[in-house]
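So the structure is just underneath, and the comments pick up after that.
Here is the naming used below: chain letters follow the sequence lines, and residue numbers restart at 1 for every chain.
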Number of protein chains: 2
Amino acid sequence: MKLEKVFAERMREAREAEGLSQEALGILAGIDEATAKVRINQYENAKHAPPLSMINTIASVLKRPVTWFLCEDDVKALNLAINQLSKSKRPEALVRAISVIELDSKTQPEN
Amino acid sequence: MKLEKVFAERMREAREAEGLSQEALGILAGIDEATAKVRINQYENAKHAPPLSMINTIASVLKRPVTWFLCEDDVKALNLAINQLSKSKRPEALVRAISVIELDSKTQPEN
DNA sequence: GGACTAAGATGATCTTAGCAC
DNA sequence: GTGCTAAGATCATCTTAGTCC
């Protein structure tokens, strides 16, 4: 898959996980209010691609490492993100991951 | 440091490690012979930035994961590269790393 | 051969103005 | 409010034509 498509998909995934609209993300990324929503939409649908500096800014706003947005393989992307965490923050990451697993098991208790 | 600069520096480092000229890298990346050397030079000196698809191609030619070109921290960049290797190839990567360490100790036997 | 640069040509993104739900 | 798109304006890269070592 083209890297532009990978970025677009991961961006949408991360934005929705943060509960932001396309416009809200654009404004937080420093884009002018008048054009924020259109530009983020163009990025997410891979109509256009942002420069690296904007990728960097978007990654900061969505609280994920830049590299996470450019890795097609989910497991590897998670590895990348964990390896970019300082070791002192990894226990917290583990706790959060476990909390999702518990949530999932409560929804589907048979599995 | 700006992400464009990070990419430029890592690109030069990887190209020189492969023993390629700027022109040779450009041609291997599929750029027309007439413009290959100028474009690679512009990328390496951060005069211009390539699109993500070209970053992907350059990464393939220089045999490193895309993410390695976009990580400022050397140790983290190495972690990223190792984590994107299949587990079966990690022993070979370790052997190569050790061979560099041995080379270094022969040059500076006191350290 | 190899690295680098200026400047105009070209092709991309960005902005504006809209529509659909 | 939110997501999305077309098309012209704008600005980036790409190409050409060079220099320097």
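- Nearest nucleotide to the B:Ser21 side chain, out of C:dT15, C:dA3, D:dT16: C:dA3.
- Going from atom CE of A:Met11 over to atom P of D:dG3 covers 11 Å, rounded to whole Å.
- C:dC4 atom P lies 7 Å from atom CD of B:Glu44, rounded to whole Å.
- The hydrophobic cluster containing A:Met54 also contains A:Leu20, counting ILVMFWY residues as joined when their side-chain heavy atoms lie under 4.5 angstrom apart, directly or transitively.
- At whole-Å resolution of the value, CG in B:Asn41 and P in D:dG18 are 18 Å apart.
- Between atom CD of residue A:Gln84 and atom CG of residue B:Asp73 there is a gap of 8.5 Å, rounded to the nearest 0.5 Å.
- Rounded to whole angstrom, the span from the CD atom of A:Glu4 across to the P atom of C:dT13 amounts to 8 Å.
- Nucleic acid contact for A:Asp32: none, since no nucleic acid atom lies under 4.0 Å from a heavy atom of the residue.
- Heavy-atom distances to DNA chain C give each of A:Ile31 and B:Lys47 a nearest nucleotide, and the one nearer the 5′ end belongs to B:Lys47.
- For the pairing with B:Ile31, the side chain to side chain contact (heavy atoms under 4.5 Å, CB included) check across B:Val38, B:Ile58, B:Ile40 returns one residue only, B:Ile40.
- In this structure, B:Asn45 and A:Pro50 both approach DNA chain C, and ranking their closest nucleotides by distance from the 5' end singles out B:Asn45.
- Distance A:Gln42 CD to D:dC11 C1': 15 Å, rounded to the nearest Å.
- Between A:Arg15 and the phosphate of D:dG3, there is a side-chain N or O to OP1/OP2 separation shorter than 4.0 Å.
- Comparing C:dC14, D:dC4, C:dC4 by their nearest atom to the side chain of A:Tyr43 picks out C:dC14.
- When rounded to the nearest whole Å, the span between CD of B:Gln22 and P of C:dC4 equals 5 Å.
- Going from atom CZ of A:Arg39 over to atom P of D:dG3 covers 17 Å, rounded to whole Å.
- Nearest nucleotide to the side chain of A:His48, out of D:dT16, C:dT15, C:dC14: C:dC14.
- Between A:Glu9 and A:Met1, the closest side-chain pair of non-hydrogen atoms falls below 4.5 Å.
- Closest approach to the B:Pro51 side chain among C:dT16, C:dC14, D:dC14 is made by D:dC14 (side chain taken as heavy atoms from C-beta onward).
- Between B:Glu33 atom CD and D:dT16 atom P there is a gap of 13 Å when expressed in whole angstrom units.
- A close approach under 4.0 Å does not occur between any side-chain nitrogen or oxygen of A:Arg12 and OP1 or OP2 of D:dT2.
- A 4.5 Å side-chain heavy-atom check between B:Lys47 and B:Asn41 finds every atom pair outside the cut-off.
- Nearest nucleotide to the side chain of B:Ala49, out of D:dT13, C:dA3, C:dT5: D:dT13.
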